[in-house]
Number of protein chains: 2
Amino acid sequence: MSYCYEFPRPALTVDCVVFGLDDEDLKVLLVERGLEPFRGQWALPGGFVHLDETPDEAALRELREEAGLIAVFLEQLYTFGEVARDPRERVVTVAYYALVKLSDHRVQAATDASAADWHRAARLPPLAFDHARIVETALKRLQGKVRSKPIGFELLPPKFTLSQLQKLYETILARPLDKRNFRKKILGMDLLVELNEVQQGVPHRAARLYRFDEKRYRALRKAGFNFEV
Amino acid sequence: MSYCYEFPRPALTVDCVVFGLDDEDLKVLLVERGLEPFRGQWALPGGFVHLDETPDEAALRELREEAGLIAVFLEQLYTFGEVARDPRERVVTVAYYALVKLSDHRVQAATDASAADWHRAARLPPLAFDHARIVETALKRLQGKVRSKPIGFELLPPKFTLSQLQKLYETILARPLDKRNFRKKILGMDLLVELNEVQQGVPHRAARLYRFDEKRYRALRKAGFNFEV
DNA sequence: CCAAAAGTGTTTCACTTACACCCATGA
DNA sequence: TCATGGGTGTAAGTGAAACACTTTTGG
């Protein structure tokens with residue numbers, strides 16, 4: 001069976017830049033290509049948009065199929081449509097970026113990708129297609145968004161310390177922040193719940209744990225509050 | 001002749017939200033549909049992405065063909081891909097927004113649209129497809145962008161008064177601004193060149209004319225300057 | 001007791017906001 | 001001379017940035 005149209009159509013795909021954060025760095029999830037072109041090279045997880053799904057759904061599905069990831073923060077990034085971005089044929093891709101808690105997800109390389117692994121966002125290997133440019137765009141977007149929306153919490157475990165949070169911002173924004181000013185600002189927003197728990201297993205004074213108060217954020221935002229770091 | 005593929009493909013289109021500003025209001029360019037579906041209804045200018053052009057190029061081409069517009073500010077907005085957004089078949093559209101100087105462009109209704117006209121952005125007629133949602137998204141984006149980038153000037157004639165500029169921001173942001181503070185802030189940015197000319201043909205004191213200094217903006221931006229209204 | 005990170009306030013400066021009157025011009 | 005918008009400065013408040021030492025804990 002084949003599908004025929006009066007005019008030629010570009011193929012439509014999705015590609016996902018999945019960010020995770022570990023103790024050292026901001027990471028990006030890459031899969032090793034099993035097929036030509038760019039066989040053996042690293043690429044973003046992604047694939048074709050089916051007729052019965054939206055691009056959003058296609059992105060979620062690909063993340064599930066290629067990396068076993070579910071229920072992550074996902075946002076459309078940009079649509080890349082250079083005529084020659086795929087050497088085989090005309091392919092337009094809707095790019096997404098996603099945030100996952102690395103603490104949850106040890107990635108299992110899944111069915112249609114031969115391997116999936118996390119790479120330091122700051123030092124990625126050469127990527128297939130125009131994926132390097134997509135990652136670059138995603139990083140910029142993340143840097144902007146993380147300052148104006150509390151999406152950074154998607155990268156942390158549910159309970160975290162203020163130092164972890166600060167390090168997150170320092171890592172993503174690639175600049176140091178003042179500890180006292182940071183804590184003042186964050187705590188002043190009244191978005192964190194102070195837990196009666198402390199960090200475990202550290203070889204020094206244990207820090208207090210906090211959690212992000214999602215409901216409170218929604219309430220404040222309704223009342224005109226604007227998150228800004 | 002027809003084009004056959006192993007798997008079915010969504011059609012890919014572009015749609016443009018073109019903003020213009022006249023003495024009263026922010027306007028959006030709409031075309032009247034000559035064909036089913038939604039025949040006779042207003043819609044955004046747009047059309048199919050050809051195989052030999054990028055979505056950006058397709059958007060520029062459609063603007064030229066449908067409205068006789070050229071060389072405008074154009075930026076990709078978002079890709080809309082709801083499965084049922086077109087009742088005929090699966091169509092994914094890459095939406096753009098554009099800014100034009102209404103002073104230049106009296107729109108000529110062009111070839112493949114039966115009519116094109118400007119409508120108040122705040123009170124649009126019912127639109128075909130999901131175009132109302134696209135316009136809504138474009139308006140929000142414009143409101144954000146106009147504050148963080150000096151794109152508002154694209155809506156004004158090359159020479160303009162500070163009152164015109166202020167009115168532009170008040171119109172787009174839909175809130176009043178303080179005259180003295182506005183002038184202080186804008187002039188303090190050192191982005192406007194004070195011309196030795198004044199407004200003509202007004203029945204009261206003529207205001208001084210300014211122009212936006214594009215080169216200066218690029219230089220300042222390189223040096224870390226951030227436009228913010 | 002030492003190393004390592006946690007936790008904590010104050011001052012300074014820049015920027016934002018609020019606010020009201022006189023001026024120039026054409027009709 | 002009148003109506004209409006053009007043009008101007010100051011004071012108060014708010015938020016950002018700079019900055020260093022003490023505390024707690026495990027090893």
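Numbers restart at 1 for each chain; the letters A, B, ... are given by sequence-line order, proteins then strands.
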[X] [atom1] - [N] [atom2] separation (whole Å):
| X | N | atom1 | atom2 | value |
| --- | --- | --- | --- | --- |
| A:Tyr210 | C:dA6 | OH | P | 11 Å |
| B:Glu194 | D:dG6 | CD | C1' | 13 Å |
| B:Ile186 | C:dC15 | CD1 | C1' | 15 Å |
| A:Met189 | D:dG15 | CE | P | 12 Å |
| A:Gln166 | D:dA17 | CD | P | 13 Å |
| B:Phe182 | D:dT8 | CZ | P | 14 Å |
| B:Glu228 | C:dC15 | CD | C1' | 13 Å |
| A:Arg147 | D:dA16 | CZ | P | 12 Å |

Is there a side chain to side chain contact (heavy atoms under 4.5 Å, CB included) between B:Lys27 and B:Phe19 once you walk through the steps? CA-CA 6 Å; B:Lys27 298 286 205 283; B:Phe19 291 106; over 6 Å; no
Could you tell me whether A:Arg183 contacts a base, only the sugar-phosphate backbone, or nothing, with contacts defined as non-hydrogen atoms closer than 4.0 Å? base
Verify the contact: side-chain N or O of A:Ser163 to OP1 or OP2 of C:dA6, cut-off strictly under 4.0 Å; return yes or no. yes
Roughly how far apart are [X] [atom1] and [Y] [atom2], rounded to 0.5 Å?
| X | Y | atom1 | atom2 | answer |
| --- | --- | --- | --- | --- |
| A:Asp15 | A:Asp130 | CG | CG | 8.0 Å |
| A:Phe212 | A:Ile151 | CZ | CD1 | 11.0 Å |
| B:Gln143 | B:Arg141 | CD | CZ | 12.5 Å |

Are the charged groups of A:Glu57 and A:Arg61 less than 4.0 angstrom apart, N to O? no
Nucleic acid footprint by protein, nucleotides 19-27 of chain C - heavy-atom cut-off 4.0 Å, B for base, S for sugar-phosphate alone: BB--BBBS-
If a pair satisfies ring pair (Phe, Tyr, Trp, His ring centres under 6.0 Å) and one of its residues is in residues 154-209 of chain B, list it, with sequence neighbours excluded. B:Phe153-B:Phe160, B:Tyr169-B:Phe182
